[in-house]
There are 2 protein chains.
Amino acid sequence: MKRPISQNQDRPISLKTLAEHLGLSPATVSLVVNNAPGAKSIALKTRERVLAAAKKFEYKPNFLARSLRTRQTFTIGVIVPEFSEGYFTMVMNGVEEHLLQTGYLHLVVSHQGRPDLIDEYPRLLTERAVDGFLLVNTLLRAPLDVPVVSISGHKKMRGVCNAMLDHDHSAQLALQHLYDLGHRDIAFMKGQPHALDSESRWQSILQFAEKIGIRIRPELCVHIRTNSWSPELGYPVVRDLLASRRDFTAIFCFNDIAAIGAIRAIVDAGLRCPQDISVVGFDDISSAAYHTPSLTTIRQPLRRMGEMAAQLLVKRIQHPHEPYPDTIMFEPELMIRESTGLVRQQRKSTRQKPPVE
Amino acid sequence: MKRPISQNQDRPISLKTLAEHLGLSPATVSLVVNNAPGAKSIALKTRERVLAAAKKFEYKPNFLARSLRTRQTFTIGVIVPEFSEGYFTMVMNGVEEHLLQTGYLHLVVSHQGRPDLIDEYPRLLTERAVDGFLLVNTLLRAPLDVPVVSISGHKKMRGVCNAMLDHDHSAQLALQHLYDLGHRDIAFMKGQPHALDSESRWQSILQFAEKIGIRIRPELCVHIRTNSWSPELGYPVVRDLLASRRDFTAIFCFNDIAAIGAIRAIVDAGLRCPQDISVVGFDDISSAAYHTPSLTTIRQPLRRMGEMAAQLLVKRIQHPHEPYPDTIMFEPELMIRESTGLVRQQRKSTRQKPPVE
DNA sequence: CTGAGTTGTGAAGCCGTATGAAAAATATAA
DNA sequence: TTATATTTTTCATACGGCTTCACAACTCAG
């Protein structure tokens, strides 16, 4: 019953063709090549024959056809605010590592903080039948009907697991460190409005500041304005702050990138970091340790966060009905480097002077 | 003939159901919703009826089924060495922008320079039926049977378009700049072996150096060793170089990230940049301008390169039989900032001394 | 009645998966 | 030995949802 197969056809061999060649039905071949539960009722000899032929003709099941039938694409959608340096790349390294181990690929889109895209992309990806979503620093407005894991999402949504940093602890580490160095007049840089971490971290800061008796002065609190993801983040706000007043000895930046911009602004204002102003960053991106001065910063285990989030997502996809935690908390770590130092008496005295106008 | 449709079914409505409800055949509905050429043979009134119903029932064609049929997935595979800061993010920003305008999404994988993955990933993505490939700094060993556009690929492969920087020009800009500042003893940092730019750029350097009479001394040429993508890239090699000799006044780094590491090594060795050693970077990543000292560097229009590469790829996918250029050349730009300066007589004198042991 | 529009459709794909049941082989009962 | 039950092995067939193209049905002018 064997019919010769021309191996040099342009398209890869299909299940049907292979079955014909073997004198079996597609059903049988399908069972065998998938090693499906039903395959154990196929004679061992037949199984071997099928597998040998599949190998010989390099049979690869068509992904689309299979996905169409099984409603699984082994693809997840990743939604991020932007392809930023530091944060994004570190998280994605972790995500990719885990996904590829488990046979998933991912489609990435960046919404740039634009509400229209935040609504549009989930639709687009749902159309593509992704098996699940990984949200990075992104808050969706409508629920999705596949598993979702969110990194730094902060808002609780039904069915969405959230992997996040312990912000209370972060605030504590940073503030206590500055406090111990003698800083009492601290400026704070908050994130962009759409940076989800920002508000929650800010609350933690307020709380801990009160606890150890650091007074938070509104005039020393600035917001990142630009939407770009470069040291531009921090530069203009700190430059402007320094132009109007110098009655602070330290600044706690929203992230390392902004901290680099802040340091530049400090230098450009003729001051020195840390001698005149100490700077604390956030994230511990890879260049933080190599910057001059190297950055004292709160490290987020970003790679690990990506990895764990991906792991949880895949589990939820594969076993949807088991119970899952709705939060995974990660612990920050204080990396003490050169950008923070003891308050100098000399600088402290500045505090007494009226702000530069 | 209208049959009521239960709108609250769990699965989205299918073409067939919609057709039944309209009392038309799936074929007709398909023609209309796709606005296919054949649709003009459908009465205007019918067309409107179909579109109205499609809208009402929120009909969305099933992507998988359609792709299965048309053999188009509107998905491209992007293969990069690593999710690196700087280079990768900037290129991808450009790529994403263009792809999303044209309705394509992309699957990204990073091979980390591992040969097994470089072979494996194209297969994996081909199985997923991507419509084309975008290679970033990656050289494939086997040809692919879909359109491919490569960024900084350098090796000519049949049917692969290559978007690349004019390395002759880059070398000229950097060396002439250093030359004009009086530098004659220049150290060079080459990229990792798998960094495709490295060799080609090096040849350009050799050539131009000879032309203007800069002697390239092998003992001043170092290689990036680690595979990581952080300032670690540059730090150890420069540290070691400085430990063994100090008879150079400038160093031309493989990229900005490495340059940041290099500057750190210079500082840690008790020297100053640029007063003692000038540093030239490459790429002009976003933090280059904010580093202290800010980086003199050769700017690559990375975002634009990504954009153009994506554009060309999409064109090639959609019109495969037209002729296309096999190279798109981009021009570098010299960004003069603080990390380079005039050779000081004082330093130059060091040159006469024997190297530090 | 013929030829030329106009409007629409039937049915064959695309390539697998899943399920109930048939066919073949073997075992058990009468 | 024949009939019946049981197990083993395999298959027919109905999807999944959409595209495509040759052709059908109808209308209308000439």
Side-chain angles (χ1 to χ4, degrees), chain A residues 1 5 9-51 53-54 57-74 126-129 131, chain B residues 1 5 9-51 53-54 57-74 126-129 131:
Chain A
M1 195 55 62
I5 285 188
Q9 40 199 351
D10 44 355
R11 280 226 272 282
I13 191 176
S14 78
L15 186 66
K16 195 176 151 196
T17 321
L18 188 63
E20 257 169 33
H21 167 260
L22 281 163
L24 292 168
S25 81
T28 309
V29 179
S30 174
L31 288 178
V32 173
V33 299
N34 291 314
N35 200 13
K40 56 181 183 296
S41 77
I42 305 288
L44 184 60
K45 211 174 142 186
T46 310
R47 285 218 294 268
E48 282 167 352
R49 211 158 57 89
V50 170
L51 291 175
F57 296 110
E58 296 184 325
Y59 169 70
K60 294 260 186 254
N62 178 308
F63 214 88
L64 294 169
R66 174 184 274 179
S67 294
L68 177 60
R69 197 56 241 242
T70 60
R71 300 174 177 290
Q72 275 198 83
T73 55
F74 286 94
T126 300
E127 245 178 68
R128 302 277 186 134
D131 293 339
Chain B
M1 195 55 63
I5 285 189
Q9 40 199 350
D10 45 354
R11 281 225 271 283
I13 191 176
S14 77
L15 186 66
K16 195 174 150 196
T17 320
L18 188 62
E20 257 169 33
H21 167 261
L22 282 163
L24 292 169
S25 79
T28 308
V29 179
S30 173
L31 289 179
V32 173
V33 299
N34 291 316
N35 201 11
K40 58 181 182 297
S41 78
I42 306 290
L44 185 59
K45 207 173 144 189
T46 310
R47 286 217 294 268
E48 281 168 353
R49 211 158 58 88
V50 170
L51 291 175
F57 295 111
E58 296 186 326
Y59 169 69
K60 295 262 186 251
N62 179 308
F63 214 88
L64 294 168
R66 173 184 276 177
S67 295
L68 176 60
R69 193 57 238 246
T70 60
R71 299 171 178 293
Q72 276 196 83
T73 55
F74 286 93
T126 300
E127 243 177 70
R128 301 277 185 134
D131 292 339

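Just so it is clear, the model here is predicted, and its values are computed rather than measured. Side-chain atoms are counted along with the backbone in the values below, which use heavy atoms only and exclude waters and symmetry mates. Throughout, a chain's letter reflects where its sequence line sits, starting with A, and its residues are numbered from 1.
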Is A27(B) touching bases, backbone alone, or none of the nucleic acid, heavy atoms closer than 4.0 Å? base
Give a yes/no on whether any side-chain N or O of N62(A) is located under 4.0 angstrom from OP1 or OP2 of dC14(C). no
Can you tell me the distance, in whole Å, between the CD atom of Q72(A) and the P atom of dG16(D)? 17 Å
Here's a test of your reading of the structure: between T46(B) and A65(B), which maps to the more 5' nucleotide of DNA chain C? T46(B)
One should read off an interatomic distance between S67(A) OG and Q72(A) CD, to the nearest 0.5 angstrom, of 8.0 Å
Quick one: label L64(A) by what it contacts on the DNA or RNA (base, sugar-phosphate, nothing), any heavy atom closer than 4.0 Å. nothing
Side chain to side chain, P61(A) and R66(A), heavy atoms closer than 4.5 Å: yes
Between C1' of dT6(C) and NZ of K45(B), the distance in whole Å: 15 Å
OP1 or OP2 of dT17(C) versus the side-chain N and O atoms of N34(A): is any pair under 4.0 Å? yes
Note: for R71(B) and G38(B) on DNA chain C, the residue whose nearest nucleotide lies more 5' is G38(B)
What is the distance, to the nearest angstrom, from the CG atom on L24(A) to the C1' atom on dA12(D)? 14 Å
At 4.0 Å (heavy atoms only), tell me whether R69(B) reaches a base, stays on the sugar-phosphate, or touches nothing. base
Which part of the nucleic acid does K60(A) contact within heavy-atom distance under 4.0 Å: base, sugar-phosphate only, or nothing? sugar-phosphate
d(CG, L22(B); P, dG8(C)) in whole Å: 12 Å
Look at all strands and tell whether Y59(B) reaches a base, only sugar-phosphate, or nothing, counting heavy atoms closer than 4.0 Å. sugar-phosphate
Between dG16(C), dC11(D), dT20(D), which nucleotide has the shortest distance from any of its atoms to the side chain of S25(A)? dC11(D)
Whole-Å distance, I13(A) CD1 to dC15(C) P, equals 12 Å
